[in-house]
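Below is one structure, written out as structure tokens; comments come after it.
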Amino acid sequence: MDYQNKIFYQIYPRSFKDSNQDGIGDIKGIISKLDYIKSLGVDFIWLSPVYASPNADFGYDISDYKSINKEYGSMADMELLITKAKELGISIMMDLVMNHTSSEHAWFKASKDKNSPYRDFYIYKDAKNGKEPNNWTSFFGGKAWTKTDDGDYYLHLFATNQPDLNLKNEAVIEAFKDIMRFWLDKGIKGFRCDVVNVIHKDSLEDGRWRLVLKGLEHYHSTKQNHEILKRLRKEVMEPYDAITVGETVLVSIQEAEELLGIKEKELDMIFSFAHMETDQINNKWFRTKFKPKKFIKVLKDWQVNLSWNTLYFENHDQPRSISRFGKEYYRKESGKMLATLLLTLRGTPFIYQGQEIGMLNVDYKSIEDFVDVETKNIWALSKKLHFPKWYRWRMIQKSSRDNARSPMQWDAKQGFSKGKPWLKINKNEKNINVEAEEKDPNSILSYYKRLISIRKKSNALTLGDFKPLYAKRGLFAYERTDGVQTYVVIVNMTKKYKRFKRMPQGVIVLTNYKPEGLKHLRPFEALIIEVEKNEK
Ligand code: TEU
Ligand code: CA
């Protein structure tokens, strides 16, 4: 299955579309919007988890990998979605969470019995001096161990109710091969593999000192982790001609290349975090002012040095990109500028629901409006650490994952659901919504559609070479060519007018401003210029 010329659309099912007015998005709701998704011109839907889950982490805590969360619908609904999407030429990629299950999973419940064969499905360890077995800390803040009634501990790199699986155990690997085949037999075409480079823990020794994620060196992209990825590819994915994209935390370009596979293929694609960590110090909760120069430098380095990139600026864990990398005051211009980068750089683009209509960070007024477990943990931890309340509130507003999870804005009248939405809808829905954007030829949505259509017809923009031309002062210019077609893309990632004397001759194929033949770039201006080969 090719993935290099495909465009992906990520759906966070709880917030996409509600069909039975209970205020919770569901699979029938997604089916009702397939024509809209088709109208974008995308090829794949990456569906965040819809499996049975007690919703401690809204689906990333799975209690049964082979059944559907009743709030989202039935297995028949899921099978219908796969069929209906296929009829429209759209493939489904599901989310595969191998690092942990929910504490409600039957395996975990059975594992509490020390003599159960499921005991070794998880990572239990005796207390050390009456406390946690080591000093590891969780991705969600706090310790990575929870004490059981027997006085020993189990490991969880994420929430307490997301116990880590033991991928040293062959039975666990066999169980996931079975789960993968169960879904591939239903006709899905790929998996997005959750935190797939931390699934194998080499040792449970204390970690060296780190501000966050103590213990990381014992489980980050370990040798055995690579072996597991090679096996799953050979034994499961290749026979189905299905594809994988791994969510790979904290990887360098070299480590990313190794996870794609140097001698032997491992993952088809990876999501790196490097560009998403340029506006923070140490971790996402300590945000710094966004620096376009730094962001562009990282994008350029990965474009030049990684054999194949994914391209993303948003997902269900990240703040909205206009609020973060653009300016809400220049919503249309900066939204279109970001779309231009996303869809003309070299790699496979992933668009997150609502990004195509320029949705913004939430406008919540109180911590009670937020529901994400990571957000609540950080709010409590920062209070315990005596952070000032104004600073804590700013941390949450800028970095909470709920920024990306407020319900999709279909029209000005709560088109998401007639019920009370599970998470508040942004009040700006009255003017930022699909209905309004579809009617406006100058909307961000119209721009995405035109750009996706240009990209899909152009070999130069999909498989063509990438050559940086200029990357200074918040400006980024690069060339994409396949030897037949040549494009020069120029973006101004700042809100300032910037002189730019290297404007190439050629035809402006798409831009977010009315062309004025100026010698400078306007705030967040983006241009795609088709140049004659000899003009370069
Ligand atoms: O996210 C892993 C992960 O590293 C995120 O916690 C991310 O680092 C953080 O939110 C900052 O962006 C994956 C899923 O995408 C996330 O939704 C789950 O909560 C997590 O794994 C556990 O399954
Ligand atoms: Ca519903």
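We count residues from 1, following the sequence as given. Every number for a ligand or one of its atoms is a count from 1 in the order of the listing.
Expressed to the nearest 10°, the angle at the Ca ion (ligand 2) joining OD1 in N20 with OD2 in D26 is 90°. With the Ca ion (ligand 2) as vertex, D22 OD1 and D18 OD1 subtend 90°, rounded to 10°.
Note on I24: counted as a metal contact of the Ca ion (ligand 2), an N/O/S atom lying under 3.0 Å. Metal site remark for the Ca ion (ligand 2): Q21 contributes no N, O or S atom at a distance under 3.0 Å.
Nearest heavy atoms, H100 versus Y65: O-OH, 3.0 Å. In terms of heavy-atom proximity, G29 sits nearest to S19 at N-CB, 3.7 Å.
Checked by atom type, the side-chain pair Y118/H105 shows no donor-acceptor distance below 3.5 Å. Of the N and O atoms on the side chains of S15 and R405, not one donor lies less than 3.5 Å from an acceptor on the other residue.
A salt bridge links R401 to D57: one of the charged nitrogens lies within less than 4.0 Å of a carboxylate oxygen. Taking the charged nitrogens against the carboxylate oxygens, D372 and K376 have no contact shorter than 4.0 Å, which rules out a salt bridge. E258 and K223 are not joined by a salt bridge, as no carboxylate oxygen comes within less than 4.0 angstrom of a charged side-chain nitrogen. Ion pairing between R233 and D268 holds under the 4.0 Å rule for side-chain N and carboxylate O.
Not a single heavy atom of H156 sits closer than 4.0 Å to an atom of ligand 1. Ligand 1 has R192 within reach: a non-hydrogen atom of the residue lies less than 4.0 Å from it.
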Assess whether salt bridge (Lys or Arg N to Asp or Glu O under 4.0 Å) is satisfied between D279 and K291, documenting all intermediate values. CA-CA 7 Å; D279 60 343; K291 297 184 189 67; over 6 Å; no
Please step through ring pair (Phe, Tyr, Trp, His ring centres under 6.0 Å) for the pair Y312 and F350, ending with a clear verdict. CA-CA 5 Å; Y312 79 98; F350 283 73; 7.9 Å; no
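Under a 4.0 Å criterion applied to the non-hydrogen atoms of H316, ligand 1 contributes the atoms 14 (C), 15 (O), 16 (C), 17 (O). Atoms of ligand 1 found under 4.0 Å from any heavy atom of H100, numbered from 1 in the order shown, are 22 (C), 23 (O). Residue R401 approaches ligand 1 through these ligand atoms, each under 4.0 Å from one of its heavy atoms: 10 (O), 16 (C), 17 (O), 18 (C), 19 (O). Per-residue contacts place K284 under 4.0 angstrom from the following atoms of ligand 1 (heavy atoms of the residue considered): 9 (C), 10 (O), 11 (C), 12 (O). Near F140, the atoms of ligand 1 lying under 4.0 angstrom from a non-hydrogen atom of the residue are 6 (O), 19 (O). Residue contact check: V195 has heavy atoms under 4.0 Å from atoms 2 (C), 21 (O) of ligand 1. Atoms of ligand 1 lying under 4.0 Å from at least one heavy atom of F139, given by number and element, are 4 (O). In the vicinity of E374, heavy-atom distances shorter than 4.0 Å reach the ligand 1 atoms 9 (C), 10 (O).
Note that K389 lies outside the cation-pi zone of Y391, set by a 6.0 Å cut-off to the ring centre and a 45° limit from the axis. Judged by the 6.0 Å and 45° rule, K398 forms no cation-pi pair with W285.
Atom 20 (C) of ligand 1 has as its closest protein heavy atom F158 CE2, 3.8 Å. For atom 19 (O) of ligand 1, the closest non-hydrogen atom of the protein is D57 OD2, 2.5 Å. If you check which protein heavy atom lies closest to atom 4 (O) of ligand 1, you get V249 CG1, 3.4 Å. In terms of protein heavy-atom proximity, atom 3 (C) of ligand 1 is closest to E247 OE2, 3.8 Å. Looking only at protein heavy atoms, the nearest one to atom 14 (C) of ligand 1 is D194 OD1, 3.1 Å. Nearest to atom 8 (O) of ligand 1 among the protein's heavy atoms is F273 CE2, 4.2 Å.
Of the options D317, V97, D95, the smallest heavy-atom separation from atom 5 (C) of ligand 1 is shown by D317.
With a 4.0 Å heavy-atom cut-off, ligand 1 is reached by the side chain of Q318 but not by its N, CA, C or O. Residue E277 does not touch ligand 1, judged by heavy-atom distances below 4.0 Å.
With a 4.5 Å cut-off on side-chain heavy atoms, L311 and Q303 count as touching.
Panel note: side chain W410, backbone F16; a donor-acceptor pair is recorded below 3.5 Å.
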